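Data block below; observations after.
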Amino acid sequence: LSALSINVGSVPLLMVGRAFSGLMAASLPIAQATILDISAPKNKIINIGVITFSNTLGFVVGPLIGGYLADKHLVPWFSLSTPFYFTALMALLSAVILMVALKEKVVCKTFKVVRMLRGMTSLFSILRNPAIRNISIIYFFSVLGWLTYIQFISFYLAAIHQYSPTQLGHFISWIALMMSVSMLLIVRLLIKIFRPHQIFFVALVMAILGIIVAFNQTIPSLWVGAILIAFGVGLSYSAVLTLYSDFTDSTQQGQVMGVASSIAALAGGIAGLLNGVLLAVSYESSFMAIALVWSVALLLFIFRARFFEHH
C-alpha cells in the first residue's frame with residue numbers, strides 16, 4: 001500500500017499503508033515470547049539480546065539499503081517506492097522461513113473467540129502482579145528517557161551542528177551499532193557476573209553518564225555520549241525483557257511481551273509531546289530532562305532493589 005501510494009501520489013493511501021505496517025509491528029513481542037519460551041532459563045537474557053540485536057541491525061542496514069534502492073542514478077527504474085517493494089519481498093521471505101524452520105513446543109488444541117477488548121483486560125490482569133508492576137514503572141521511565149533522546153538528538157544535530165541527512169544517518173547508525181554490540185557481546189560478559197536486575201542497574205547508570213557526557217555539546221562528546229547511551233539502552237532492554245519473563249509463567253510470556261510493547265508505545269507518544277515543550281524552551285533543557293527521567297528510573301530501581309533481591 002505504501003509503495004502504491006507513492007506511485008499514484010496519494011497521501012491518504014500512504015497513511016493507511018503506514019498504519020497497517022504499524023499494526024504488523026506487533027509481531028515483535030510474539031517473536032520475543034517465542035524466544036523466551038524455547039530458551040533455557042540461564043540463556044534467556046543472551047537469546048533476547050540476539051533477537052534484539054537482529055532487530056537493531058535492521059535499523060543499521062535498512063536506511064543504507066533504502067537509500068540505494070531509492071537512488072535512480074544507480075539504476076534508472078529505482079524510485080521512492082522501490083524500498084517498499086523490497087520490504088514486502090523481505091516480509092514474504094521471512095514468513096516462508098518461519099513456517100519451515102520454527103517448531104512449536106506447545107500445540108494449541110482449543111480455540112477462543114477473539115474479543116477486541118481482551119488485550120486491555122489482559123494488560124490490567126498482568127499488571128496486578130506486583131513484580132510486573134514494579135518492572136513496568138521503572139521500564140516506562142527508562143524507555144521514556146531513551147525515546148526522548150533519540151527524537152531530540154537528530155533535530156539538535158541538524159539545527160546546531162548543521163548535520164546533513166547523510167551525517168544524521170551515520171550518527172543514528174552509530175547508535176544502533178553500539179546497541180547491537182551491547183546486546184550481542186557485552187550482555188554475554190555481564191551475565192557471567194551479574195543477575196538481570198543488576199544488569200538493569202548498570203545499564204541505567206551508563207545511560208545517565210552518557211547524557212552527562214553529551215551535555216558538553218561538542219561533536220566528540222555527542223558521539224562518545226551516544227556510545228554510553230546505546231550500551232545502557234541495549235543492556236536495559238535485554239535485562240527488562242528477561243525480568244518480565246522470569247516473573248511470569250510460561251502461559252503468559254506473549255502477554256507480558258505485549259505489556260512491554262504497550263509501555264514503549266505510550267512512552268513514545270509522551271516523548272514526542274515532551275520534546276515539543278522542551279525544544280520551545282532551550283536545547284539545554286532537553287538534555288537535563290532526559291537526565292532527570294533516567295535518574296527517576298534509577299531512583300525507583302534503588303527503592304525497589306530489595307524486592308528484586310528477595311525474589
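Because the structure is a prediction, the values reported are computed rather than measured.
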Using 0.5 Å steps for rounding, measure from the [atom1] atom of [X] to the [atom2] atom of [Y].
| X | Y | atom1 | atom2 | answer |
| --- | --- | --- | --- | --- |
| Ile263 | Phe141 | CD1 | CZ | 11.5 Å |
| Ile208 | Leu228 | CD1 | CG | 11.5 Å |
| Ile186 | Met178 | CD1 | CE | 8.5 Å |
| Ile211 | Leu222 | CD1 | CG | 8.5 Å |
| Leu300 | Leu204 | CG | CG | 10.0 Å |
| Tyr156 | His161 | OH | NE2 | 3.5 Å |

Can you check whether [X] reaches [Y] side chain to side chain, under 4.5 Å on heavy atoms?
| X | Y | value |
| --- | --- | --- |
| Leu157 | Ile153 | yes |
| Leu274 | Phe152 | no |
| Leu144 | Ile270 | yes |
| Gln217 | Phe287 | yes |
| Val181 | Phe231 | yes |
| Leu235 | Leu190 | yes |
| Phe201 | Ile302 | yes |
| Met179 | Trp146 | yes |

Heavy-atom closest contact ([X] atom, [Y] atom, distance):
| X | Y | answer |
| --- | --- | --- |
| Gly232 | Ala203 | O-CB, 3.1 Å |
| Val143 | Ala267 | CG1-CB, 3.4 Å |
| Tyr149 | Ile290 | CA-CD1, 3.5 Å |
| Gly145 | Val293 | N-CG1, 3.5 Å |
| Leu278 | Ser286 | CB-OG, 3.4 Å |
| Met183 | Ser238 | CG-OG, 3.7 Å |

Cluster overlap [X] with [Y], hydrophobic side-chain contacts below 4.5 Å:
| X | Y | answer |
| --- | --- | --- |
| Ile219 | Ile175 | yes |
| Ile193 | Ile191 | yes |
| Ile160 | Phe171 | yes |
| Leu185 | Trp174 | yes |
| Leu266 | Ile137 | yes |

Which class fits the ring pair Tyr139 and Tyr237: parallel under 30°, tilted 30 to 60°, perpendicular over 60°? tilted
Partners passing ring-ring contact (aromatic ring centres under 6.0 Å, His included) against Phe194 (at least two apart in sequence or in another chain): none
Would you find a donor on one side and an acceptor on the other, under 3.5 Å apart, between the side chain of [X] and the backbone of [Y]?
| X | Y | value |
| --- | --- | --- |
| Ser142 | Ile138 | no |
| His197 | Phe301 | no |
| Gln162 | Ala159 | yes |
| Ser236 | Val233 | yes |

Sequence neighbours excluded, the answer for side chain to side chain donor-acceptor pair (under 3.5 Å) partners of Ser295 is none
Tell me every residue that passes side chain to side chain donor-acceptor pair (under 3.5 Å) with Trp223, counting only those two or more places apart in sequence or in another chain. Tyr163
